Structure formats: structure tokens, C-alpha cells
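The structure appears right after this line, and notes come after that.
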There are 2 protein chains.
Amino acid sequence: MFRGVVATESQLGRDPNAASITRPLLMKELAARGVRMTAQRRLLVGIIQDSPRHLDAATLLEIAKKHDPRIDRATVYRTIALLKDRGLIDELDLMHLEGEKHYYEAKTNRDHGHIACFRCGAIMEYASSSFERLKKEIAQQSEFEIRTVRLEVGGLCKKCKRRPS
Amino acid sequence: MFRGVVATESQLGRDPNAASITRPLLMKELAARGVRMTAQRRLLVGIIQDSPRHLDAATLLEIAKKHDPRIDRATVYRTIALLKDRGLIDELDLMHLEGEKHYYEAKTNRDHGHIACFRCGAIMEYASSSFERLKKEIAQQSEFEIRTVRLEVGGLCKKCKRRPS
DNA sequence: ATATGTGCAAATCTTTTGCAAATTC
DNA sequence: GAATTTGCAAAAGATTTGCACATAT
């Protein structure tokens, strides 16, 4: 009677149909909030929305530069801040597997945690009804209005835990 | 039939008896692992163990300097890395309420999440059987050997959600 | 036309590292 | 005495900011 979702990024990527996890269209959400849309914002938002993997600021910049070489780091960070402020993206650390940078993903209809293997670096996403229940419990018990939830798990994946160090 | 634990840091602090959350003694754990104990390590470990609140590297250094002014930033970071490696402390972001720094706390017998109010900055700790169940589910379902879990929740606390912005 | 966004370059904040001297076992 | 740890100073990595110019509504 397990109802969770386990997906490795490489298998399912960020396919919005994967395990009924979907993402609202950032562009529309921004318009709905009356946010001024510029060329750069459209570009960056499009990249984040469509990315098959979690992006950090440097990677996002790199990809954006292929479309518009004039775009600057500062714009990337400012756009990320805008999207985070509006609650349209989630920020992840992925257990700091490599450096202290942050990763971003368009907010999904269903919150999910990220499971990272310390040895091979695999990232899996995990959503389940237990997770939803926990969130509800936290909100009710502490009378808290939850805006964002970050669940990160680090350890050894199936393969790596068998292999000796 | 709620079984969770909700405690604001200011109310209960890091009292090891609070809500049956306890912390093993770092010093003993280090000895058990055959780690060489130096004066600085004893100092830093003692501070972390006894701190009533979550410490970031800079604050830890500041406190340590009161006891031994010669201690250096690098030693603080190296000791934190040692403790993290050995699985004796947990690293928190507290939702980056102020800057990108990390916070540390001695690992407790029971994992708990941190709930942060975006408006007033209050931090609450949350442990519950649902959380334990979720962890178990994740481990079983994804056949993962969990080493660390980080659950962070951001939003508005009871008081702040009532008040207008 | 006005308010807002952008590039650039410099600054800031946090954490890491190489190396010679000091400490621990 | 050999191996490990430390302080120092410099470097690195990630993100932010001030300002003059460009763009969006």
C-alpha cells in the first residue's frame, strides 16, 4: 500500500507527467502577478521551466548566454530572487554534494523531497502521502502558515550501500 | 492523538530533556572513534554541545575567542568538517533567513525539522512520529541508507500570519 | 515619460587551502 | 620523533550592490 513516488532524475527527469507531479507555467504565473516581462526574464524563466535537471545560478547563466551572450550574472541572481519571492521556484542545496551553491526548480503542484547519494551523487525525488500528512500536521500543530518546505536526505543509494568504500 | 513535539528555541532552548530529545556527548563519541583531542577541539566541541541556540561558524569563532583568543577561523571550519564527517553534528540553513551561512547543532537522538518564520525570524523545532515514519518509508522504498535528514519549513508563525504585512 | 531592469565592475560574505611552526600521542 | 593540527595570510566560490545606460509599459 505504498503510495509514494520515487524517481531518479536521470530516469524521469523533470517530466511533468512523471508520477502526477506537475508544474504551473511560470510565465503565466508572473503575468498573473503583474510582473513586468523583459526579454531576459522570458529567457531565464523558459530555461528554468524546461530544464530536465536542477540548475544552479552559474549553469543557468551559461545556458542563457548561448541564447543571449549579453546576459549578466547579476540578472540571473536578480531573476532568481524575483521568482523565489513570488514563490514560483524552490531552492535546493542537494546536501551540498558539490560546493555551497544552490539549485532551483519550478515549484511543483506536489511538494517533494530530494534524496542524494553521498557516494555516486545520484539525486532522487520523493513525494508521498506521508510527506503531505507530515506537512499538514506541522501546520496544524504549530499553527504555522507554510510557504515552503525543504526535505533533503543524504546517505547511500541502493547500489552504493552494497559496494565497499 | 498528536504525538509531535513543538518547541520554540527561546522557550525550551536546547535543553536535552525538552520533549525527550537528547544529545549524545560529542566528546565521548569522538574518543570512541579514536579522534585525537586537542585543546581547541575540546573548546569548540564543548561550545557546540552546550549552546542554547544554533551556531554559525562566525559566532562559534567569536565565542571560542573569549576562551582562547589565539584560535583561528580555519580551525573552526576544520573542526566543523570533522564533526560533520563523523556524523556528530547536523548542518542547517534555517531557510537562509539571514545570509547564506550554515548553522550547526549536536546531533540528537531523534531527528527533527526546523520551522522558520520569514517575518519575525522565530525558529521552532519539530519532531514527531509521522516524521519518523516518513524517514522509514523513504529508506525502505528507495532502498536508501539514510545518513542525515534535513527538514526545513518556512512561512509565517502563529502571530505573524495574523498581523498585516 | 516614467518607472523599472540591465550590464559592468567592484565589493561582500562565507568557506577553503598552502605552508611553516606548534602540538599531540 | 613522527604524525597530525594550528595560525596566518591569501585564495576561492557564491552572491550582492552602486551606478549610468537601456528597455518596457
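Remember, predicted model here, so these are calculated numbers, not experimental data.
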Supply the atom-to-atom distance [X] [atom1] to [Y] [atom2], rounded to the nearest 0.5 angstrom.
X      : Y      : atom1 : atom2 : result
A:L88  : A:L82  : CG    : CG    : 8.0 Å
B:K158 : B:R163 : NZ    : CZ    : 14.0 Å
B:I63  : B:I47  : CD1   : CD1   : 6.0 Å

A:Q40 side-chain N/O to C:dG7 phosphate OP1/OP2 under 4.0 Å: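 Yes, because at least one side-chain N or O of A:Q40 sits under 4.0 Å from OP1 or OP2 of C:dG7.
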Under-4.0 Å salt bridge between A:R86 and A:E29: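 Between A:E29 and A:R86 there is no salt bridge, as every charged N stays at least 4.0 Å from the carboxylate O atoms.
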Atom [atom1] of [X] to atom [atom2] of [N]: distance rounded to whole Å?
X     : N      : atom1 : atom2 : result
B:L44 : D:dT5  : CG    : C1'   : 12 Å
A:L82 : C:dG5  : CG    : C1'   : 11 Å
A:L83 : D:dT15 : CG    : P     : 15 Å
A:E62 : D:dA14 : CD    : P     : 13 Å
A:D68 : C:dT6  : CG    : P     : 11 Å
B:D85 : D:dT5  : CG    : P     : 12 Å

[X] side chain to [Y] side chain, donor-acceptor N/O pair below 3.5 angstrom:
X      : Y      : answer
B:H54  : B:E125 : yes
A:S128 : B:E137 : yes
A:T59  : A:D56  : yes

B:K159 backbone acceptor or donor facing A:E143 side chain under 3.5 Å: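 No, A:E143 side chain to B:K159 backbone: no donor-acceptor pair under 3.5 Å.
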Over 12 foreign heavy atoms within 6.0 Å of CZ, B:R33: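 Correct, the count exceeds 12.
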Difference in axis direction between the ends of the helix from C:dA1-D:dT25 to C:dC25-D:dG1, five pairs, 10°: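 Both end axes considered, the difference amounts to 40°.
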Sequence-aligned protein contact record of nucleotides 12-19 of chain C, with B where the base is within under 4.0 Å of a protein heavy atom and S where only the sugar-phosphate is: --SBBBB-
Sole candidate of B:K136, B:K135, B:R133 that passes salt bridge (Lys or Arg N to Asp or Glu O under 4.0 Å) when paired with B:D111: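 Result: among B:K136, B:K135, B:R133, B:K135 is the only option passing the salt bridge (Lys or Arg N to Asp or Glu O under 4.0 Å) with B:D111.
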A:H114 versus A:I123, closest heavy-atom pair with distance: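 Of all heavy-atom pairs spanning A:H114 and A:I123, the closest is CD2-CG2, 4.2 Å.
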Close N/O contacts between protein and nucleotides 23-25 of chain D (under 3.5 Å):
residue : atom : partner : partner atom : Å
D:dA24  : N3   : A:R36   : NH2          : 2.7

